[in-house]
Every structure is written in structure tokens, then in C-alpha cells.
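Given the structure is predicted, the values throughout are model-derived calculations rather than measurements. The sequence lines fix the lettering, A, B, ..., with proteins before strands; numbering per chain opens at 1. All values below come from the heavy atoms of this structure, side chains included, with hydrogens, waters and symmetry mates left out.
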Amino acid sequence: MARTRIACARPVAPMLDKRFILDNTELVQTNCEHRGVKADVLRYVALETECRQLQQEIEELSRQANVVSKSIGKAKDDAERQQRKDEGRTLREQKDEKQSHLDRIAAEAGAIYRSMPNLTHPEAPIGDEAHSRELRQGEVEVRPLSFPVLDHVELAEQHDLIDFEGGARIAGNGFYFLKNEAVLLELALQQYAMELLVGEGFVPTITPDLARGEILQGIGFIPRGPETQIYSIENHDLNLVATAEITLGGLYSGQVIDQDQLPLKLCGISHCFRTEAGAAGRASRGLYRVHQFTKIEMFAFTLPEQSEDMHNYFCDLECRLFDGLGIPYRVIDTATGDLGGPAYRKFDLEAWMPGRGSSGEYGEVTSASNCTDYQARRLNIRYKVKGEKGTNFVHTLNGTAIAISRALIAIIENCQQADGTIVVPEALQKWVGKARIGSAAG
RNA sequence: GGAGAGGUGGCAGAGUGGUCGAAUGCGCCGGUUUGCUAAAUCGGUGACUGGGGAAACCUGGUCCGCAGGUUCGAAUCCUGUCCUCUCCGCCA
């Protein structure tokens, strides 16, 4: 099997903490450039340094005020007591003044800090999307079809599988009804993915489809911005999730996990909602870029030294799922310029879609990211080693098991036959209840 | 949705303005004794963050759901908010 391990070199776990940025300013700056992020690292360093100075002064004033407060109970008479009170008040006022100054600076520093992306795996290709590197291909090879190829929209119409018009009428463009065998395929894909993942020791979950703004931000999404991908609920601090990564990662926010529970693997089924703001004009016919779909997501919390292996493991599982469906695909090591903020490294599976473009194209169907401690810092998820003092941040990883809408495209288009029928992948037949969609009458 | 009660350390649970980072018990770590296990007994045992030190360690600050407020001083009083529980209503 071609499931070779990728990149076994084990770099020291990167820690994008404030101290690290102060001590490695140039490295962080270069990293931002590689990722195409404009973050004023120098300004941040200056602000952060000033914050530290101010913080010390504030703590000294607090200390003095505490001493004064404690002495009041022991004061001999009212006059002395009053004098001490005034003294204490003055000290607190001085402290408050410095504190509000600090708050202003810290807010600016915080804004820069939050805009900084994670560090990057040394082997991730540097550059824009065009520099992304193909790591390997799936077991099934792309075969030219010897008949006029239809795309999934045409096939779905022929077999009455998807109602785009109905979806648009009730919710707008980008929504759809799955019908008939498409529904059975969705359910089969859920079962198929869950069967593998549960067997691999993942804890299966069905997650909320909504989450608080704080959780979205911890994972690295920006709700309610002008270009946001996120639908928000009016009058509530709730958002429709774009992926179960949000809810699965958020599940442990603020928690301290015992070391011996790690690595902790979860998988979750959720609906995913995306506004796709700014995505107009990109190739997005049919099911490819929709506002709602179902996804089975993998998520893991690991020790820092486990995350790289877990990342490769996620990628292997994705490969097994698509090999098992008989779909040709390639694995891409995403280039730095195309990485989102949280990802340290990201592998994508791109499935062959015969109906895409003029004569077939690869289209992204899964994505597995190692976010190291980036999300854990924002969500405050730590682990504790028995017998050791203190706690450390866990690493988090997420990967798509099956994104139903895109998997449907790949299945429908790859499994179309010369006679117009669609063969149901063998692995799904036991749930779909048939081997073929449509009759071979021709 | 309405009414009430409550959110304290790994857990349970005291604490209603200062001596409280917080009693007590459990758990955990270490010592002693008996020793087959167990029991008994003594001591230790929260997190975050700053400074000093090679280190052991020493020394500040912050934290009692979260955010504000009152006060010289807040776990304790006030406001908002989130969550949990009980009862009622509604409902798949």
C-alpha cells in the first residue's frame, strides 16, 4: 500500500506565545510573509514590551495598596485610620490610571496578536496556491470515460436526485433538496464513515449546529465581520457552525485533560453552514459550493509530540475512505500562502471529478490540519502530567472524514455508466439497498 | 417562556466585609509504624503571570462561573450575564 508516512522529522513543538514572539521576532515576521498575512510584528513587540513595563509598575502599586489596606484594621484611632484610607485611595487611583493606559496598549497589541497565523511546518511548501505539492495519489487511477460525460447536476436531474430549484425557492440560491437515492447515499456515507472511525477508536458524536461567538473565535473563525463565512442568529450570541471542528474543539474549551487520556479522538456529524461571501464567480456549479451540507468530521486533542503522527493518521484515514469508495484522488500538501490562520500544516484530498471543467478536474473533498497549540491557546485547553507542576497546551487536529455534498459529486460523476445509470460503490450498497441508480434501459 | 435555589481548589463541602488562596473530608504525593492486603499516623499537595537564581528555591501580582460596580479593603454587598438544579407552562 502506498500509505507512506510523510515527513517524519520531528521539529520542536512551536509555541506562538508572547515570549516566543519577543524572542523570535524575525522568524515570526518571515512566517507572516510566507503566509501572506500583514501583521505588524515590530509594532507588536514594542507594545508588548511596554505592557510588561507597565504591568510591573501596576503590580508594585497594588502591592503598596494591599499593605496599606491590611494596616487599617490595626490602626489605633480614627484619625490614623482616615489617613490610611486616603493613602490607599491615592494608590489605587494611580494604579487605575496606569491600568487604563495599559488596557489601551494591550488592546492594540491583542489585535495584532490575534491576526498572526500559526507557525508553519518546515516541510510545507512556501508560496501561493500554485506551489502546493502533490504528495501521492489514491489506489484507483483516473480513467478516461469512453462516452459523453455528464456532470453531477445533469446526472442528478436525470435521476431526480437533487432539487436545486426547490432549495432556491425556500431558502435561496445555494440551498437544495436531496431526493431519492441521494438521501440514501448521504445516510450511507454517514454510516460508512462512522463505521470506520468508531472501529478506530473515535468517540462518535452528533454535535450542535449552533455555537457561541467565543467558541468560533477560539477555533479561528471570525463571526459577524463584513466578509464573514458565518451565518449569525439575530439577537443571540449564536452562529450556525461552518464545520463540526468548531463544536468538537469547543467541547473541551477551558478544560484541563489528564495526560493519560491523550490522544483523545472524536468524530462528529453536523450540518455545516457557509455564507460563501466573496466566492461568487469561482467554479461552483451544483453541489460544489453550497450554503449547507452535512459533514462527518474528525478531531483530536494530543500531546505536542503526538500531533504530527496524528496528522498523518488523519490523512491516511481520509485516503482509506476514498480508496474504499473507488474514487481517484490526489493528496496535496498545502502551500503556506493558502493556509488558514490556525493550521501549522494542511493536507487536502482532491477527488477526480469527471464532470468538472471541460474534461474533468480535481476538486477538494477533504482537508486535514494540524493546528498545534494555536486553537488550544485561544480556547484554553490544557493537559496535566501526573506528578508534574503546572499544565501545558494540548495540540488540536481536525480532518474531514466525509463532506457529503462533495463526496456526492465525486461518486455520482465517477460512477456514471455508458448506459446513463450510476453504480453505487460497493461499500455503500448495504445501506443504499441497491447496486445501481436508474435502469439500464437506455 | 414563568417562579425559585445555586455556581468556591481534582472531587465533596464550609465560609455574608479585613487576620481567606480559602476550614474540613476524600483523592493524590512523601515519611513513620504494623505489615499479606488493608488500616493507623505525620507532613505535603490549585492555576495563571512577573522579577531574582545555574538550580533547589526565594519573592510580587491576579484568580472563589464570567463581566462590571461600591469600598482603603470583596468569595462575602450591588448590577448584568452565562450555566446548573427544582417546580410550572409549552412541545418533538
Can you check the distance between [N] and [M], where both ends of the measurement are the [atom1] atom (answer in whole Å)?
{"N": "B/G4", "M": "B/C78", "atom1": "P", "value": "15 Å"}
{"N": "B/G73", "M": "B/G21", "atom1": "P", "value": "16 Å"}
{"N": "B/U62", "M": "B/A22", "atom1": "C1'", "value": "15 Å"}
{"N": "B/G65", "M": "B/C83", "atom1": "C1'", "value": "7 Å"}
{"N": "B/U70", "M": "B/G51", "atom1": "C1'", "value": "33 Å"}
{"N": "B/A75", "M": "B/G43", "atom1": "P", "value": "29 Å"}
{"N": "B/G10", "M": "B/G27", "atom1": "C1'", "value": "7 Å"}
{"N": "B/G13", "M": "B/G6", "atom1": "P", "value": "14 Å"}

Give a yes or no on whether a salt bridge exists between [X] and [Y], defined as a side-chain N under 4.0 angstrom from a carboxylate O.
{"X": "A/Arg84", "Y": "A/Asp86", "value": "no"}
{"X": "A/Lys430", "Y": "A/Glu195", "value": "yes"}
{"X": "A/Glu108", "Y": "A/Arg43", "value": "yes"}
{"X": "A/Arg274", "Y": "A/Glu276", "value": "no"}
{"X": "A/Lys95", "Y": "A/Glu57", "value": "no"}
{"X": "A/Arg89", "Y": "A/Glu93", "value": "no"}

Go ahead and name the base partner of [N]; Watson-Crick or wobble counts if both distances stay under 3.5 Å, otherwise write none.
{"N": "B/C90", "result": "none"}
{"N": "B/G6", "result": "B/C83"}
{"N": "B/U32", "result": "B/A40"}
{"N": "B/C20", "result": "none"}
{"N": "B/U76", "result": "none"}
{"N": "B/C48", "result": "B/G61"}
{"N": "B/U70", "result": "none"}
{"N": "B/A54", "result": "none"}

Does [X] make a side-chain N or O approach to OP1 or OP2 of [N] shorter than 4.0 Å?
{"X": "A/Arg89", "N": "B/U71", "result": "no"}
{"X": "A/Arg382", "N": "B/A47", "result": "no"}
{"X": "A/Asn66", "N": "B/U62", "result": "yes"}

Does any N or O in the side chain of A/Thr228 come within less than 3.5 Å of the main-chain N or O of A/Ile230, such that one atom is a donor and the other an acceptor?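 Here the side-chain-to-backbone pair exists.
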
Send over the distance from [X] [atom1] to [N] [atom2], rounded to a whole Å.
{"X": "A/Leu91", "N": "B/G60", "atom1": "CG", "atom2": "P", "value": "17 Å"}
{"X": "A/Arg377", "N": "B/C48", "atom1": "CZ", "atom2": "P", "value": "12 Å"}
{"X": "A/Leu379", "N": "B/C66", "atom1": "CG", "atom2": "P", "value": "17 Å"}
{"X": "A/Leu61", "N": "B/C72", "atom1": "CG", "atom2": "P", "value": "17 Å"}
{"X": "A/Ile72", "N": "B/A74", "atom1": "CD1", "atom2": "C1'", "value": "14 Å"}
{"X": "A/Asp258", "N": "B/C11", "atom1": "CG", "atom2": "P", "value": "11 Å"}
{"X": "A/Leu54", "N": "B/G61", "atom1": "CG", "atom2": "P", "value": "18 Å"}
{"X": "A/Asp260", "N": "B/C28", "atom1": "CG", "atom2": "C1'", "value": "13 Å"}

Nearest-nucleotide comparison on RNA chain B, the residue closer to the 5′ end among A/Arg52 and A/Val68: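 The residue closer to the strand's 5' end, by nearest nucleotide, is A/Arg52.
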
Between A/Gly390 and A/Gln55, who's closer to the 5' end of RNA chain B by nearest nucleotide?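 That would be A/Gly390.
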
Nucleotide nearest A/Arg212 when distance is taken to its side chain, options B/C82, B/G61, B/C72: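 Closest nucleotide to the A/Arg212 side chain: B/C82.
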
Just to be sure I understand the rule, does [X] reach a base, reach only the sugar-phosphate, or reach nothing, if contact means heavy atoms closer than 4.0 Å?
{"X": "A/Thr391", "answer": "sugar-phosphate"}
{"X": "A/Gln56", "answer": "sugar-phosphate"}
{"X": "A/Arg81", "answer": "nothing"}

Checking only heavy atoms, does the side chain of A/Glu59 share a donor-acceptor pair with the base of B/G60 at less than 3.5 Å?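 Indeed there is one.
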
